[in-house]
There are 2 protein chains.
Amino acid sequence: MRIGELARATGTSVETIRYYEREGIIPAADRADNNYRDYSPEHLATLTFVRRARGLGFSMAQVRALLALSADADTPCADVDRMVQSQIEEVDRRIGDLEAMRAQLSGMLAACGGRRIGDCGVVESLANRPPAN
Amino acid sequence: MRIGELARATGTSVETIRYYEREGIIPAADRADNNYRDYSPEHLATLTFVRRARGLGFSMAQVRALLALSADADTPCADVDRMVQSQIEEVDRRIGDLEAMRAQLSGMLAACGGRRIGDCGVVESLANRPPAN
DNA sequence: CTTGACCCTGTAGTTGCTACAGGGTGCATA
DNA sequence: TATGCACCCTGTAGCAACTACAGGGTCAAG
C-alpha cells in the first residue's frame, strides 16, 4: 500500500509517517519503480502499535523500547507491565496537576465580584496570591 | 534587584527571565553601570503574574492578552472571565483525555495473563485493539 | 495534453524553554 | 597583589514530536 493509504488507515499524516521512518521508529518501506514507498501489512501493524502507544502518552524513546520488547515473544510480561505501570503513574501525576490548575481557575472566577477588573479580584488573584500548594 | 534575585524570588530560571524579556512578555530591565539588569518591584509583579498564568496553563499569547487586559482597571471583568472559563474547559478536556488514557493503560495490565508476552494480551492490546472511543 | 491527485526530498518553523560557549564584573580571601 | 568565586552578559544551538512548505516528479482520466 502507498503512504496515503497507510496514513488514512492509521489516522496519521503522511509527513508524520515519513518522520517516523527518518527517526527509525518504523522500518523504511520498500520502493516501487517510481520511487513511491510501498508498505506491507507488517508496516501497518507496526505503525498502528506506534500510534496507539503514542496516544497513551509514551514518548518516542519509550515506544522504541516497547517495540523492542514486543519483537520477542519470550519477553517477560513484567518488563512491559513495569512500563505500563509507570506510565499510569505519570498520567496520574498529570491529572493531579491539571486538577490543581482547575481548582485555581475556578477560584479566580469566584473571586470576581465587580464589573471592572479594578473592582474585582480576578486579576489580583494572579498577581498577588501565593503559589498554589 | 538583579536577575538572580528576581529568579529566586519568583522560582524562575535566569535564562527564562532573559527569554521573557527577549519575547517582550516582560519589559526590558534598566541597566546598571556594569550592564547588569536592574529590576523594579513592578518587574517582580509582572513576572509573578506571568509565572502564575503560565502555571495555570495559559499560553504565552494568552498571557500577553491577560497582561494587556490587566493593565487597565476599566477592563470589564467579563473579558478576563471568558479567558479563564475557556481555560477551564481546556483543562477539563485534557483531564478527560488523560482519564481515557489511564483507563486504557489499566486495561492493558488487566489483559496480562501470562509470563511471556507471547502468551499474554498486553502487547496485542496495543497492536490490535481498535482506537479507544 | 492538461488537470488533478498523488508521491518525492530537503529544510525550516512551532512552543517554551534549557544549555552551553566564551567572555566580563566585583568582592573576599591568601 | 593575585586569585578564586559567584555572579552577570550576549549569542547560538538543542529539545520533543511533529507540521508546513518549496520545488519537483508520476500517472491515470477527460
Side-chain angles (χ1 to χ4, degrees), chain A residues 1-40 43 46-67 87 90-91 93-94 97-98 101, chain B residues 1-26 28-40 43 46-67 87 90-91 94 97-98 101:
Chain A
M1 76 198 305
R2 305 207 303 199
I3 198 169
E5 296 173 74
L6 182 63
R8 277 187 298 276
T10 58
T12 311
S13 82
V14 165
E15 348 236 343
T16 297
I17 295 172
R18 290 196 280 244
Y19 165 71
Y20 285 165
E21 181 181 303
R22 262 198 320 281
E23 291 294 299
I25 206 153
I26 56 171
D30 292 344
R31 294 300 177 118
D33 291 348
N34 54 15
N35 199 34
Y36 288 8
R37 289 175 180 79
D38 184 21
Y39 292 97
S40 68
H43 281 104
T46 303
L47 181 55
T48 301
F49 183 104
V50 168
R51 291 304 282 180
R52 198 146 303 147
R54 293 283 305 117
L56 292 174
F58 289 103
S59 70
M60 295 285 273
Q62 289 173 316
V63 172
R64 265 179 240 274
L66 286 169
L67 283 168
Q87 183 60 19
E90 173 63 26
V91 166
R93 232 171 289 130
R94 297 216 287 245
D97 289 350
L98 286 167
M101 281 157 62
Chain B
M1 74 198 308
R2 305 207 304 198
I3 198 168
E5 296 173 74
L6 182 63
R8 277 185 298 276
T10 58
T12 310
S13 81
V14 165
E15 346 236 345
T16 297
I17 295 173
R18 290 197 280 243
Y19 165 72
Y20 286 165
E21 181 181 304
R22 263 198 318 282
E23 291 295 299
I25 206 151
I26 56 173
D30 292 344
R31 295 299 178 118
D33 291 348
N34 55 13
N35 199 34
Y36 289 7
R37 288 175 180 79
D38 183 21
Y39 292 97
S40 68
H43 282 105
T46 302
L47 181 55
T48 301
F49 183 104
V50 168
R51 293 302 283 178
R52 198 146 304 148
R54 293 282 305 118
L56 292 175
F58 289 104
S59 69
M60 295 285 274
Q62 287 174 317
V63 172
R64 265 180 241 273
L66 286 168
L67 283 167
Q87 183 60 18
E90 174 64 25
V91 166
R94 298 216 286 246
D97 290 349
L98 286 167
M101 282 158 62

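Just the heavy atoms: all of them, side chains too, but no hydrogens, waters or symmetry mates, feed the values below. Here is how names work: the chains are called A, B, and so on, in the same order as the sequence lines, proteins then strands, and each is numbered from 1. The model shown is predicted, which means the values in this text are computed figures rather than measured ones.
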Within this structure, what is the CZ-to-P distance between B/Arg2 and C/dT25, rounded to whole angstrom?
-> 13 Å
Quick one: A/Asp33 CG to D/dG25 P, roughly how many Å, whole number?
-> 18 Å
Whole Å only: how far is the CG atom of B/Asp30 from the P atom of D/dC8?
-> 16 Å
Decide yes or no for B/Arg2 and B/Arg37: does some side-chain heavy atom of the first lie under 4.5 Å from some side-chain heavy atom of the second?
-> no
Starting at atom CD1 of A/Ile3, determine the distance to atom P of D/dT26, rounded to an integer number of angstrom.
-> 17 Å
d(CG, A/Asp38; P, C/dC6) in whole Å = 17 Å
OP1 or OP2 of D/dC27 sitting under 4.0 Å from any side-chain N/O of A/Asn34?
-> yes
To the nearest Å, how far apart are A/Arg8 CZ and C/dA5 C1'?
-> 10 Å
Please confirm whether the backbone N or O of B/Tyr39 pairs with a side-chain atom of B/Asp30, one donor and one acceptor, at under 3.5 Å?
-> no
Reading 5' to 3' through nucleotides 9-22 of chain C, protein heavy-atom contacts under 4.0 Å coded B for base, S for sugar-phosphate only, - for none = B------BBSBB--
A/Arg93/A/Glu90 ion pair, N-O < 4.0 Å = yes
If you look at every heavy atom in A/Gln87 and A/Leu56, which pair is closest and at what distance?
-> NE2-O, 3.1 Å
note: B/Ile17, atom CD1; D/dC7, atom C1'; distance rounded to Å ~ 14 Å
Name the closest nucleotide to the A/Tyr36 side chain, picking from D/dC7, C/dG26, C/dC7.
-> C/dC7
Heavy-atom side-chain proximity of A/Val50 to A/Arg54 below 4.5 angstrom = yes
Do B/Glu23 and B/Arg64 touch side chain to side chain, with heavy atoms closer than 4.5 Å?
-> yes
